[in-house]
Amino acid sequence: MHFLMKFKHLPVCLPQLMPLITAKGNDVESPKKILDADKPPSKSQLDLRDVVFVIQSQRNSFHVRQAEKLRKDLLLQTQALQESPPVILLLHTLSDNEGDWSILPLLPNLSSQFGKNSSWIMFLEEDTRVKLQKLHEVLKKFDRRKEWFLGKPLHDEESTIIHHYAFSENPAAFEYPDFSAGWALSIPLVNRLTSKIEEEPLKSDFTIDLKHEVALYIWEDRKGPRLTGVPELCTIPEHNPRAQYCATTVSSRSPLCGQPVKSDNIFVAVKTCKKFHSDRVPVVKKTWGKQASLLEYYSDYADPSIPTINLGVPNTERGHCGKTFAILRRFLSNHVPNTDWLLIVDDDTLISLPRLQALLSCYDSSEPVCLGERYGYGLGQGGYSYITGGGGMVFSREAVVQLLASGCKCYSNDAPDDMVLGMCLNALRVPVTHSPLFHQARPEDYAKEFLAHQTPISFHKHWNIDPIAVFNKWLKDDKHTEGLQKNTKDEL
């Protein structure tokens, strides 16, 4: 597949920063303040201007709105504190480099812009809630002249495939940050990492679980700092009584932007094959399959008892690209009802369709939307992102139209469908949109505290688990989900 990878070595440069804008409006700060901002930070004090906030935003219109809300909230808090506003950057606007979301390719640019006159780079997810004054107090506790990697620590209970079975003898020994709580790098660490990246370019490799991979890169097999846990960086809901001690919290709501998308507006395609008709397909039928209004099973063998549809593509042990593209073509044909959304899953995917319906209320189906758990390949060298197939791939009709109109196709039936689609979307400049609620692996493959503040949409694989029990525990309709369906007052 390597001959298909047309990586673009795009220049990664931050735009020249405009004069800082105050929270009150478009008043440019005084020349004295601008000159002061150019001076190295003093050793004893920490102004909010010494902290650069990077919101890990995405290009999809819903996510842009979410990031802008967070930016506005930070500026309003700054105004209330009568402080000069800090620099607040939206990650998706910083350059055309697709790899920016993987953070490491971005560090040289942050170092260049802020390496001399700032103290911290504070990364926030769109859904992170920040108490600015308390966060300011927390950062003051640390000597910013030293290398610091701060966050809310997560650890694995057992070695897991998503972390390449790292630390298999003692998985709990290595800690990595929960990005939902926010995480910070001191400028001395950013500058040293930049030197390392410039001396030894980032490898062309897979990005699977970014938070773990960033922590590994920083730790550098004991040569760099480990994550320092900060109790005030929290992932409890913002209205929890214990949140009074927190500098950051998470939203207590699952995404909902109006009425959930109707089930008959989502066409569900399940990829299967003859050898799994008797064990995997019954699990779908006993669990989430009952939630679907429009569902078809696609196989290498037409079995009227299920029923399955043979698309004329022979089964392959891996990849399934030919089958996936046949599904995309069928979705646009008159053989199936016309719907705004297409969901493609494996026969061992476990998913909650009501939760997906609620999530899709936040997206505009007239835009090309490709949604799921985002992975990356070669992002340090100008690679591409893709939606990993096992957790479920969601496409708006417009996305499918653009994909097929582009001439995108498989180079073989057993090519990795999700990666081929990612290359095509990258060529089209259609964003791959990430949701942490989709999961490529089983619940036990993720840190308990990471899942504790989620209402997950999907998991994948039946290996060494009871899939029906997993569905009932993690994904079955419950009071929380029913509330989403009935109550649209707390909209995003």
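Excluded from the calculations below are hydrogen atoms, water molecules and symmetry mates; all remaining heavy atoms, backbone and side chain alike, are included.
For Lys262, the NZ atom sits in a loose shell: 12 or fewer heavy atoms of surrounding residues, nucleotides or ligands are nearer than 6.0 Å. Heavy atoms from other residues, nucleotides or ligands lying under 6.0 Å from CD1 of Ile465 number more than 12. Atom CD of Glu449 has 12 or fewer heavy atoms from other residues, nucleotides or ligands within 6.0 Å.
Under the ring-ring contact (aromatic ring centres under 6.0 Å, His included) criterion, the residue pairs touching residues 447-469 are His439-Phe459, Phe459-Trp474, with sequence neighbours excluded.
Asn426 and Ser385 are not linked by any side-chain donor-acceptor pair at a separation below 3.5 angstrom, with hydrogens and angles left out of the test. Side-chain atoms of Asp347 and Thr272 form a donor-acceptor pair, as typed in the model, at a separation below 3.5 Å. Side chains of Ser95 and Asn97: no donor on one and acceptor on the other come within 3.5 Å. Trp219 and Glu175 form no side-chain donor-acceptor contact under 3.5 Å, judged by distance and modelled atom types alone. Using a 3.5 Å distance cut-off with no hydrogens or angles, the side chains of Tyr298 and Glu296 do pair a donor with an acceptor. Using modelled atom types and a 3.5 Å distance limit, the side chains of Ser293 and Ser263 yield a donor-acceptor pair. Judged purely by distance below 3.5 Å, without hydrogens or angles, the side chains of Gln440 and Thr388 pair a donor atom with an acceptor atom. Side-chain atoms of His163 and Asp156 include a donor-acceptor pair closer than 3.5 Å.
Leu371 is listed as a side-chain neighbour of Leu359, based on a closest heavy-atom distance under 4.5 Å. For the pair Leu193/Phe149, no side-chain contact is recorded, criterion being any heavy-atom separation below 4.5 Å from C-beta on. Side-chain contact between Ile55 and Leu70 is present, with at least one heavy-atom pair separated by less than 4.5 Å. Between Gln58 and Arg374 there is a side-chain heavy-atom pair separated by less than 4.5 Å. Using a 4.5 Å heavy-atom cutoff, the side chains of Tyr176 and Val214 are not in contact. Within the 4.5 Å cutoff, the side chain of Leu379 has heavy atoms near those of the Glu98 side chain. Thr249 is not listed as a side-chain neighbour of Asn240, based on a closest heavy-atom distance of 4.5 Å or more. Residues Val230 and Lys152 are not in side-chain contact: their nearest non-hydrogen atoms beyond the backbone lie 4.5 Å or more apart.
Between atom CZ of residue Phe267 and atom CG of residue Leu342 there is a gap of 7.5 Å, rounded to the nearest 0.5 Å. Separating the CD atom in Glu373 from the OH atom in Tyr386 is a distance of 9.5 Å, to the nearest 0.5 Å. Going from atom CE of Met393 over to atom CG of Leu343 covers 9.0 Å, rounded to the nearest 0.5 Å. A distance of 4.5 Å separates CG in Leu233 from OG1 in Thr248, rounded to the nearest 0.5 Å.
Residues satisfying the side-chain hydrogen bond (donor to acceptor under 3.5 Å, both in side chains) test with Asp205, not counting sequence neighbours, are none.
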Give the intermediate values and the outcome of ring pair (Phe, Tyr, Trp, His ring centres under 6.0 Å) for residues Tyr363 and His63.
CA-CA 9 Å; Tyr363 295 90; His63 293 276; 5.6 Å; yes
Pair His155-Phe167, ring pair (Phe, Tyr, Trp, His ring centres under 6.0 Å): steps then yes or no
CA-CA 11 Å; His155 67 267; Phe167 306 97; over 10 Å; no
Please walk me through it: do Lys271 and Asp417 pass salt bridge (Lys or Arg N to Asp or Glu O under 4.0 Å)?
CA-CA 12 Å; Lys271 295 183 296 181; Asp417 52 353; 2.6 Å; yes
Go through Leu89 and Leu94 one step at a time and tell me if the side-chain contact (heavy atoms from CB on, under 4.5 Å) criterion holds.
CA-CA 8 Å; Leu89 305 174; Leu94 300 185; 4.0 Å; yes
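For the side-chain hydrogen bond (donor to acceptor under 3.5 Å, both in side chains) criterion with Ser299, the lone passing option out of His277, Lys275, Lys274 is His277. The side-chain contact (heavy atoms from CB on, under 4.5 Å) with Leu107 is formed by just one residue from the set Ile197, Ile121, Leu189; it is Ile197.
The pair Lys461-Asp445 fails the salt-bridge criterion, with no side-chain N (NZ, NE, NH1 or NH2) lying under 4.0 Å from an Asp/Glu carboxylate O. For the pair Arg397 and Asp340, the salt-bridge criterion is not met [side-chain N within less than 4.0 Å of a carboxylate O]. A salt bridge links Lys211 to Asp209: one of the charged nitrogens lies within less than 4.0 Å of a carboxylate oxygen. Salt-bridge check for Glu220 with Lys196: passed, with a basic side-chain N closer than 4.0 Å to an acidic carboxylate O.
Of all non-hydrogen atoms in Val281 and Tyr297, the two that sit nearest each other are CG1-CE2, 3.9 Å.
Note that Arg65 lies outside the cation-pi zone of Phe62, set by a 6.0 Å cut-off to the ring centre and a 45° limit from the axis.
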